[in-house]
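A quick write-up on the structure given underneath.
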Amino acid sequence: MQGARAPRDQGQSPGRMSALGRSSVILLTYVLAAIELTCLFMQFSVVPYLSRKLGLDSIAFGYLQTTFGVLQLLGGPVFGRIQCPAILAALATLLGAVLSFTCIPASTKGAKTDAQAPLPGGPRASVFDLKAIASLLRLPDVPRIFLVKVASNFPTGLFMVMFSIISMDFFQLEAAQAGYLMSFFGLLQMVTQGLVIGQLSSHFSEEALLRASVLVFIVVGLAMAWMSSVFHFCLLVPGLVFSLCALNVVTDSMLTKAVSSSDTGTMLGLCASVQPLLRTLGPTVGGLLYRSFGVPVFGHVQVAINTLVLLVLWRKPMPQRKDKVR
C-alpha cells in the first residue's frame, strides 16, 4: 500500500501545502501578530505619560503622533507590493532592537530605520512605482469602497488618536489604569474580530454587515456626545469595537476582491495606510477640536459623517460578490 501511494504523493505540486501545514502557518501568523501588537500597544500606553514627564505639551505630542502616522502612511502601500514583507519586518525589528540596546539612552524613545528589500527578478514594475499603486484606486467600485472606509474610520480615528490625552485630562486615569482600559479594548477587539465577525459573515452579506457597522457607529456617536465618565466609555466600547472590526474586515474583503491576485498585496497595503493617514491628520485636527469643544465633539462628528455614509450606502448599494467575508 505504501508503494502504491508513493507515486501519487510524489506527483503533487511542490507549492501545495497540506491542511496541517496551512493551519500551522496561520497559527504562527496569529502568534507573531499578537506579539507585535502587544509590544506596539505597550508603547502606545506609556508614551503619553512619558512625554508629559519629559516636558512635552499636547502640541508636541501631536507632532510625535503625526510623525509616526507619516512613516506608516509612506510604508504601507509600498511594502504591500513586496513578496517578503514579513522577512523585511523581522530584520528591521531585529535591527531596531540592536540599536535600542546599544545606541539609545534609557531616557529617550525609538529610532527610525530605513530599509529596502531587494527586488525580485523579471519584468516587474518597481515596488516604489506610485503610479501603479494609484492606478488601483481607479478600478471600478474601488474609489467608493475606499472612500467609505476612510470616512467611517475618520471620526473614531480622531478620538483614538486623542484618547491618551483624554484618558489623562477627561477621565483622570493613571498610567496603570489607562493600560487596563487598553487591554480591555484589545481583548474585546480580538474576540470580536476572531469570533463574532466570522460567525456573522456566514449568515449575512457584506452589504448588510457594512450597513450595520455604520449604523452602530451612529448610535455610539450619539452616546459618546453625552459621555461623562470612564464607566460610560466602557459601556460604549463593545459597539465601537464591533463597528471598527466589521467595517475594516468587510471593506478589506471588498477591496481585495476588486483587484487581481497579483495586486492583492498592494491593495492590502493601501488598506493598511488608512490608519496611518488618520494618525497623520488626527493629532492636528483632533487636538484643535478637543481644545475648542471638548470630548462631546467627537460624538457629534461621528454621527454627522456616518449618517452621510449610511445615506450613500442606502441610495447606491455596494457591489455584491459570490464569496463572503473570510
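Numbers here simply count residues along the sequence, with the first being 1.
Taking each heavy atom of N306 and S152 in turn, the nearest pair found is OD1-OG, 3.3 Å. Taking all atoms of both residues into account, the shortest heavy-atom contact from R138 to P143 is CA-CG, 4.4 Å. Closest approach of I305 and P155 over heavy atoms only: CD1-CG, 3.8 Å.
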Note to self: Does F298 form a side chain to side chain contact (heavy atoms under 4.5 Å, CB included) with M162? I'd like the steps, not just the answer.
What the structure shows: CA-CA 10 Å; F298 297 107; M162 297 301 300; 4.1 Å; yes
Margin query: Run L188 and F242 through side chain to side chain contact (heavy atoms under 4.5 Å, CB included) and show every step you take.
Written below: CA-CA 9 Å; L188 197 59; F242 166 78; over 6 Å; no
Note to self: Would M227 and V295 count as a side chain to side chain contact (heavy atoms under 4.5 Å, CB included) here? Give the steps.
What the structure shows: CA-CA 8 Å; M227 179 177 63; V295 174; 3.7 Å; yes
Next item on the list: Check the pair L210 / E206 against side chain to side chain contact (heavy atoms under 4.5 Å, CB included), numbers first and verdict last.
Entry: CA-CA 6 Å; L210 186 58; E206 292 177 337; over 6 Å; no
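Using a 4.5 Å cut-off between side-chain heavy atoms of Ile, Leu, Val, Met, Phe, Trp and Tyr, with links allowed through other members, F170 and V237 fall into the same hydrophobic cluster. Hydrophobic clustering (ILVMFWY, side-chain heavy atoms < 4.5 Å, transitive): V259 and V150 are in one cluster. Both L236 and V214 are assigned to one and the same hydrophobic cluster, defined by single-linkage of ILVMFWY side chains at heavy-atom distances under 4.5 Å. Hydrophobic clustering, with ILVMFWY side chains joined whenever heavy atoms are under 4.5 angstrom apart, groups W314 together with V216. Hydrophobic clustering (ILVMFWY, side-chain heavy atoms < 4.5 Å, transitive): I165 and V230 are in one cluster.
Distance check, rounded to the nearest 0.5 Å: CG of L247 to CD1 of I197 gives 10.0 Å. Separation of atoms CD1 (I218) and CG (L308) is listed at 9.0 Å; rounding is to 0.5 Å. Here Y180 contributes atom OH and C234 contributes atom SG; the two are 14.0 Å apart, rounded to the nearest 0.5 Å. Distance check, rounded to the nearest 0.5 Å: CG of L209 to OG of S243 gives 11.0 Å. Between Y290 atom OH and F163 atom CZ the span is 11.5 Å, to the nearest 0.5 Å. Once rounded to the nearest 0.5 Å, the distance linking CD of Q199 with CZ of F204 reads 11.5 Å.
In this structure, M267 and V142 have side chains that are in contact, with non-hydrogen atoms separated by less than 4.5 Å. With contacts defined as side-chain heavy-atom distances shorter than 4.5 Å, the pair H300/F293 does not qualify. Under the 4.5 Å side-chain criterion, counting only non-hydrogen atoms from C-beta, C271 is not in contact with T251. Residues L240 and F185 have side chains in contact (heavy-atom distance under 4.5 Å, counting atoms from C-beta outward). With a 4.5 Å cut-off on side-chain heavy atoms, V274 and F146 count as touching. Proximity of N153 to K149: side-chain heavy atoms (C-beta onward) are separated by under 4.5 Å at one or more points. A 4.5 Å side-chain heavy-atom check between S213 and V250 finds every atom pair outside the cut-off. Contact of the L215 side chain with the R211 side chain is not registered, since no non-hydrogen atoms from C-beta on lie closer than 4.5 Å.
With V309 as the fixed residue, the side-chain contact (heavy atoms from CB on, under 4.5 Å) test singles out one of L311, L313, T307: L313.
Remark: side-chain polar atoms of S292 are not paired, donor with acceptor, to backbone N or O of L289 under 3.5 angstrom.
For an aromatic pair to be called close, the ring centres must be under 6.0 Å apart, and F233 with F159 satisfies this.
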